[in-house]
A.B. asks: 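I have a structure I would like to understand better, so I am pasting it below and will then ask my questions one at a time.
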Amino acid sequence: MTEQRHVSVTFSPPTPNGDFHLGHLAGPVLASDICAKSQQVLGNDVTYAVSTDDNQTYVVTTAQRVGTSPEALIDEAHRLMRRSLDLAGVQVDLFERPDKEYEDYVRGFFTHLWKFGAFDRRVVELPYDAEAGEYRAEAFVTGRCPTCLAHARAGVCEACGLYNLPGELLAVSDTASALPRKPVGIWVLDLERYRSMISHWYQASAVQLRPDLDRVVIESLGSGRRLPYIPITYPSTWGIAVDWDGPDSEPQAINAWPEIYTGHQYWLAKGRGARPSTDEWVQFIGIDNGFYNAFVYVALSLLAVRHGLPIDLPLTRTVTNQYFLLAGRKFSTSKGDVRWAGEYLAEAGRDRARFVLALTSPELQQSEFTEQVASATLATRFDAPLAAIEQVLNTTMVHCGIDAEASTWWYRALAGSLARFESAYNLDTFSIRKAAEALALHLEVLAVGLSQIRTDDAADVAGALLFLWALRTLAWPVTPDLAGKIAAAFGADPNPPSAPLLRDTAVPPAGRFRGIALSHNGISVNGGPVKVGVSV
């Protein structure tokens, strides 16, 4: 029996400047939820926690654009995101907002490292708005990335994933990047100073990064260029204030991007409570957050341990996704290129939305969302096989039970399906696209097998029902409502207090089949089995 592991799961803390959009949902949010659920199915102890990223400057710029206060924007966004998580069936242990206790933790973490000399003070030139009397950084500054020339905001370029300081962007007129620059002292994390420490960490790591993040690491460490320094503080009144330069100096706040690392530590510790510490941490991010995760968070974690902070160093997996596109453009709340998650979930339904977004998730390359393709995919790969399955089950197999050994055909089919799901759920090969594809094929095979079922053959009936019953476990991470319906169809609890276990997949249910409602509204079997795109 495999030893139980203690796994922590996070996704990039969302900026509270609106609801989740489908890019969030199809990327880190859904992937992290399926991961957390799949690890429970595998028998592991899981903590799944995150908070909103309230201190991002995107909150301020969005509030200014829509004519509200940052605080009011955060409140409304948090309400909308909680609603979307509920609609999507994303079961986060904690989805919180930063509070005073959190701010004290973050300030204490960075101040401890500052006292030990982990950061350097550096005078930099930042765009300065003389009329407002404020320096401009991060979301306030747009221009062209000096590396790949794409449109970018200060910080990480979303196109190439590399870092740039506010003053390094190629200036564009009528934006903050074209403002006069003014020198100011800030505190920075000089990554070049820790190059050998970071390189050694990657050399010792047994975890394989996805290709897009692996490219960022290889190019950054192997280019021969100096690793950048990352602002730990900015001259700003928005964020968690520190007074490292004394009370008479320019007000400084902790940069929200490095803050994210400490947020993960804080919320996961709070969610885990007195349970054993984490063996493995899986963090799901968009590739635009890749540089921070690959370099800044690695450096902060190693420095924290070096300087005596109570930080664990579990096996860490950073799982990236590429961009979900809408009409050829990246989903972006700040730019208004969105399809809101809550709206789509209400229209499509929880399981249908989870299935099609998992199946088309931009895990390794960009993918396009269109209503037409999503509807057609759902109709052919989810709705139609479910309608066919429901019709045969309810007309021929109500009150049947697993009263014999399943036939060889069904046993072989179940073994093949189980192997596909295991590959999708194993952390070394984890993929929500593979999980959704495994589910689609399981439904196809079940529909095909039922279309030729011999109801007078107890082994055939037993095999079909066992193949159906297996979905109670196999489908639970992807389509939890479908799993619950199957459990209820055999008299089991549709909402058990703990996850069904993969190792028990082939154990027959105690009850007999009672009938099931699987069809989505508008799908009709028209008096006969629906064709599901696979020949018998």
Side-chain angles (χ1 to χ4, degrees), residues 13-18 51-78 96-114 119-142 153-156 165-167 169 175-189 229-263 266 292 296 333-334:
T15 303
N17 58 348
S51 75
T52 49
D53 192 12
D54 292 12
N55 294 318
Q56 282 289 352
T57 49
Y58 287 92
V59 173
V60 182
T61 57
T62 300
Q64 291 175 348
R65 189 181 74 246
V66 301
T68 188
S69 69
E71 292 75 15
L73 180 67
I74 292 170
D75 287 342
E76 177 63 7
H78 198 269
E96 302 291 343
R97 282 190 56 182
D99 53 18
K100 184 180 184 304
E101 184 181 348
Y102 166 83
E103 291 183 0
D104 290 344
Y105 174 86
V106 172
R107 187 181 292 108
F109 177 95
F110 284 101
T111 299
H112 182 92
L113 294 186
W114 169 75
F119 308 135
D120 300 307
R121 192 175 188 277
R122 186 158 303 187
V123 175
V124 299
E125 290 191 343
L126 297 180
Y128 184 74
D129 186 337
E131 183 177 346
E134 295 177 346
Y135 292 91
R136 297 303 187 192
E138 299 294 333
F140 288 99
V141 184
T142 59
R153 286 182 170 82
V156 169
L165 281 164
L169 289 174
T175 71
S177 61
L179 287 170
R181 298 175 187 178
K182 183 178 178 180
V184 63
I186 64 173
W187 289 91
V188 303
L189 173 66
Y229 58 85
I230 307 298
I232 294 296
T233 65
Y234 272 123
S236 174
T237 56
W238 182 258
I240 300 174
V242 292
D243 60 354
W244 300 342
D245 294 330
D248 298 328
S249 63
E250 193 83 38
Q252 298 271 332
I254 295 170
N255 182 359
W257 288 100
E259 178 197 329
I260 289 173
Y261 169 76
T262 53
Y266 178 83
Y292 282 103
V296 179
T333 302
S334 60

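If you read the sequence from its start, that first residue is 1, and numbering goes on from there.
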A.B. asks: Rounded at 0.5 Å granularity, tell me how far CZ in Arg136 sits from OG in Ser236.
C.D. replies: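 So the gap between those two atoms works out to 9.5 Å.
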A.B. asks: Roughly how far, to the nearest 0.5 Å, is CG of Leu189 from CD1 of Ile232?
C.D. replies: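 If we round to the nearest 0.5 Å, Ile232:CD1 and Leu189:CG are 5.0 Å apart.
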A.B. asks: So do Thr233 and Phe110 actually touch side chain to side chain, heavy atoms under 4.5 Å?
C.D. replies: no
A.B. asks: Using side-chain contact (heavy atoms from CB on, under 4.5 Å), reason through Asp120 and Tyr229 one step at a time and then give a plain yes or no.
C.D. replies: CA-CA 9 Å; Asp120 300 307; Tyr229 58 85; over 6 Å; no
A.B. asks: Can you check side-chain contact (heavy atoms from CB on, under 4.5 Å) on Val124 and Val184, steps first, answer last?
C.D. replies: CA-CA 6 Å; Val124 299; Val184 63; 4.3 Å; yes
A.B. asks: Assess the residue pair Tyr105 and Thr262 against the criterion (side-chain contact (heavy atoms from CB on, under 4.5 Å)); give the C-alpha distance rounded to whole Å, side-chain angles, the decisive distance to 0.1 Å, and a yes or no.
C.D. replies: CA-CA 8 Å; Tyr105 174 86; Thr262 53; 4.2 Å; yes
A.B. asks: Which pair of non-hydrogen atoms, one from Ser51 and one from Pro13, has the smallest distance, and what is that distance?
C.D. replies: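 Of all heavy-atom pairs spanning Ser51 and Pro13, the closest is O-CB, 3.0 Å.
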A.B. asks: In sequence, state the C-alpha distance, the side-chain angles, and the governing distance for Asp75 and Arg97, and then conclude on side-chain contact (heavy atoms from CB on, under 4.5 Å).
C.D. replies: CA-CA 10 Å; Asp75 287 342; Arg97 282 190 56 182; 2.5 Å; yes
A.B. asks: Nearest 0.5 Å, please: how far is CD in Glu125 from OH in Tyr135?
C.D. replies: 10.0 Å
A.B. asks: Can you pull the salt bridge (Lys or Arg N to Asp or Glu O under 4.0 Å) pairs that have at least one residue in residues 234-263, sequence neighbours excluded?
C.D. replies: Arg121-Asp245
A.B. asks: Please round to the nearest 0.5 Å and tell me the distance separating atom CD of Glu103 and atom CG of Asp54.
C.D. replies: 9.0 Å
A.B. asks: For side chain to side chain donor-acceptor pair (under 3.5 Å), just list the numbers for Asn17 and Thr15, CA-CA rounded to whole Å, side-chain angles, deciding distance to a tenth of an Å, and then say yes or no.
C.D. replies: CA-CA 6 Å; Asn17 58 348; Thr15 303; 5.2 Å; no
A.B. asks: Which atoms form the tightest heavy-atom contact between Pro70 and Ala63, and what is the distance?
C.D. replies: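 Reported closest heavy-atom pair: N-CB, 3.7 Å.
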A.B. asks: Ignoring hydrogens, what is the shortest heavy-atom contact between Asn255 and Pro258? Give both atom names and the distance.
C.D. replies: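 Shortest heavy-atom separation between Asn255 and Pro258 comes out as O-CD, 3.2 Å.
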A.B. asks: Look up atom CZ in Phe109 and atom CD1 in Ile240, then write down how far apart they are to the nearest 0.5 Å.
C.D. replies: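 Rounded to the nearest 0.5 Å, the CZ-CD1 separation comes out at 12.0 Å.
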A.B. asks: Looking only at heavy atoms, which two atoms of Val59 and Leu73 are closest? And how far apart?
C.D. replies: O-CD2, 3.4 Å
A.B. asks: Using the six-membered ring wherever Trp is involved, compare the ring planes of Trp244 and Trp114 and label them parallel, tilted or perpendicular (cut-offs 30° and 60°).
C.D. replies: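 Rings of Trp244 and Trp114: parallel, as their planes differ by under 30°.
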A.B. asks: With a 3.5 Å distance limit and no angle check, can you tell me whether Gln252 reaches the backbone of Gly185 through a side-chain donor-acceptor pair?
C.D. replies: yes
A.B. asks: Identify the heavy atoms of His78 and Thr52 that sit nearest to each other, and give their distance.
C.D. replies: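 Closest pair (atom of His78, atom of Thr52, distance): CD2-CG2, 3.4 Å.
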A.B. asks: Applying the side-chain contact (heavy atoms from CB on, under 4.5 Å) criterion to Ile254, which one of Asn55, Thr111, Val106 satisfies it?
C.D. replies: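 Passing option: Val106.
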A.B. asks: Flag the pair Val242 / Trp187 as yes when at least one side-chain heavy-atom distance between them is below 4.5 Å, and no otherwise.
C.D. replies: no
A.B. asks: Taking all atoms of both residues into account, what is the closest heavy-atom pair of Gln56 and Trp238, and its distance?
C.D. replies: O-NE1, 3.3 Å
A.B. asks: Could you tell me which residues satisfy ring-ring contact (aromatic ring centres under 6.0 Å, His included) with Tyr292, sequence neighbours excluded, listed by chain and number?
C.D. replies: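 In terms of ring-ring contact (aromatic ring centres under 6.0 Å, His included), with neighbours along the sequence ignored, Tyr292 is linked to Tyr163, Trp257.
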